[in-house]
Amino acid sequence: MKYLALFLPIMLLIANPARATGLLCPAGEYSVRSHFRNGYTRSDGTMVKAATVKQYCKLLSKGYEFAKSRFKNGVPPNWPHKQEIAGAWTEEEKERIIEALDELPDFLLTDKIIGFYRLKKSKDYPNPASNSDGVIILYDSAFGPSQNLSRVLAHELAHQNYEDLNERSRQDYRRATGWHMELEPNGKIFWVGRKDDYVEDDGKNSYEEDYANNLEHFLYNPDKLKKVTPSAYDWFKKRFGDKLKFKAGKK
């Protein structure tokens, strides 16, 4: 009995990590540890002041449920950019990721995303994020005071959304938005983009980047997309409809 009395409190701490940090949260909530929060601007334009945040209980949300097991440390296996090094997640950054995910349409939160990794600086600095094989990389620059983190994540999730399309749908997008096939002398077929009408210049580099840029603008700057690439706006609206709409009060 003496050993059981010593062992039981340890088991309770393992079963309930919130208790281990001195705060037991009720059902439907999770514990946010004390941390310093830098000032930043939310995607709706609200300014959040720098402050010391005391440990508290927060309601569970779709962003938390999606991200809680996907925060990964180190560098992703087989990550090709060897000059990029790992950073360390902070409590503030995790909470900002959860907040940003809460703002996005549920449709973009796919199980094909297997992890969020925290690296320090992109080889293409100041690029805030990158993705490959189901992982999303967030760099230091993603958490800058003026960075729209939900928009950054929307762009990276849009890349995964493109991967999730079947080949027929991908070709339908390319043709609808002015990409066309040409034949090289060696008989290889390749896709050539339209000459102009890109919301971002790097969309010229590939139809995948064009897709991610256009989906991002469909959410965050639809007027520009309608003006610059109306065919892309029409394609997303027809293809996804209300799935790509923000909930009331979001964005």
Side-chain angles (χ1 to χ4, degrees), residues 42-45 61-67 70 96-116 128-138 142 147-181 191-194 196-251:
R42 290 197 177 106
S43 59
D44 62 1
S61 66
K62 68 162 189 183
Y64 172 79
E65 296 293 348
F66 185 78
R70 290 180 168 88
R96 286 197 59 193
I97 292 290
I98 291 168
E99 177 186 84
L101 292 171
D102 281 336
E103 295 177 359
L104 295 175
D106 296 355
F107 170 68
L108 292 176
L109 307 188
T110 169
D111 288 340
K112 297 291 183 63
I113 299 298
I114 59 176
F116 295 104
S130 187
N131 70 89
S132 178
D133 298 328
V135 302
I136 292 178
I137 307 296
L138 281 305
Q147 189 66 261
N148 186 335
L149 189 55
S150 63
R151 184 165 181 166
V152 170
L153 288 171
H155 181 91
E156 301 309 323
L157 290 166
H159 279 287
Q160 184 61 53
N161 181 257
Y162 179 83
E163 291 297 320
D164 291 344
L165 297 176
N166 59 39
E167 183 55 31
R168 182 176 180 179
S169 295
R170 294 177 190 175
Q171 290 193 19
D172 184 55
Y173 168 80
R174 297 170 205 163
R175 292 193 176 99
T177 55
W179 291 80
H180 63 279
M181 290 187 292
W191 287 85
V192 178
R194 56 194 181 275
D196 48 26
D197 300 333
Y198 295 88
V199 290
E200 301 290 345
D201 285 342
D202 63 355
K204 299 175 183 178
N205 298 336
S206 72
Y207 43 74
E208 294 180 27
E209 194 64 36
D210 181 50
Y211 183 96
N213 287 338
N214 288 335
L215 193 154
E216 172 195 336
H217 277 74
F218 184 88
L219 289 171
Y220 289 92
N221 197 347
D223 289 340
K224 180 178 179 180
L225 184 60
K226 287 179 186 178
K227 180 179 180 180
V228 177
T229 320
S231 58
Y233 179 88
D234 292 340
W235 191 89
F236 282 115
K237 187 174 182 180
K238 180 180 178 181
R239 172 78 186 187
F240 298 118
D242 290 344
K243 288 183 178 181
L244 281 179
K245 282 187 176 181
F246 287 104
K247 291 183 175 65
K250 299 299 182 182
K251 185 181 174 182

Spacing of CG belonging to N205 relative to CD belonging to E200, to within rounding of 0.5 Å: 11.5 Å
Could you verify whether a donor N or O on one side chain and an acceptor N or O on the other, from T177 and Y207, lie under 3.5 Å apart? no
First locate atom CD of E156, then atom CD of E216, and finally report the distance between them rounded to the nearest 0.5 Å. 9.0 Å
Report, one line per pair, each donor and acceptor closer than 3.5 Å where one atom sits in a side chain of residues 223-234; sequence neighbours left out.
residue, atom, partner, partner atom, Å
K224, NZ, V199, O, 3.1
T229, OG1, D197, O, 2.6
S231, OG, A176, O, 3.4

Does the side chain of R174 reach to within under 4.5 Å of the side chain of M181, using non-hydrogen atoms? no
Got a second to check how far Q160's CD is from D133's CG, nearest 0.5 Å? 9.0 Å
Would you say the side chain of L108 lies within less than 4.5 Å of the side chain of L244, judging by non-hydrogen atoms? yes
Residues S150 and Y220: closest non-hydrogen pair is OG-OH, 3.0 Å
Before giving the answer on side-chain contact (heavy atoms from CB on, under 4.5 Å), spell out for N148 and H155 the whole-Å C-alpha distance, their side-chain angles and the decisive distance to 0.1 Å. CA-CA 11 Å; N148 186 335; H155 181 91; over 6 Å; no
Return yes if a side-chain donor-acceptor contact under 3.5 Å exists between D210 and W179, otherwise no. yes
Interatomic distance, D172 atom CG to L165 atom CG [nearest 0.5 angstrom]: 9.5 Å
Hey, is CG on D201 packed in by over 12 heavy atoms from elsewhere, all under 6.0 Å? no
Within the 4.5 Å heavy-atom criterion, are K204 and E209 side-chain neighbours or not? no
Checking Y211 against F218 for the ring-ring contact (aromatic ring centres under 6.0 Å, His included) test, could you report, in this order, the C-alpha distance in whole Å, the side-chain angles of both residues, the deciding distance, and whether it holds? CA-CA 10 Å; Y211 183 96; F218 184 88; over 10 Å; no
List the atom of L219, the atom of P105, and the distance in Å for their closest heavy-atom pair. CD2-CG, 3.9 Å
Between the side chain of R170 and the main-chain N/O of E163, is any donor-acceptor distance below 3.5 Å? yes
Indicate the atoms forming the closest heavy-atom contact of I114 with R70, along with that distance. O-CG, 4.0 Å
When you compare the side chain of L101 with that of F116, does any pair of heavy atoms fall below 4.5 Å? yes
Hey, mind stepping through F236 and K243 against side-chain contact (heavy atoms from CB on, under 4.5 Å) and telling me if it holds? CA-CA 10 Å; F236 282 115; K243 288 183 178 181; over 6 Å; no
Let me confirm one number: the CG-NZ distance from D106 to K62, rounded to the nearest 0.5 Å. 4.0 Å
Check the side chains of S43 and E103 for a donor-acceptor pair under 3.5 angstrom, ignoring hydrogens and angles. yes
Regarding Q171 and E167, is there a side-chain donor-to-acceptor distance under 3.5 Å anywhere? yes
Reported NZ-to-CG distance for the pair K112 and N161, which is rounded to 0.5 angstrom: 10.5 Å
Side chains of L149 and I97: closer than 4.5 Å at any heavy-atom pair? yes
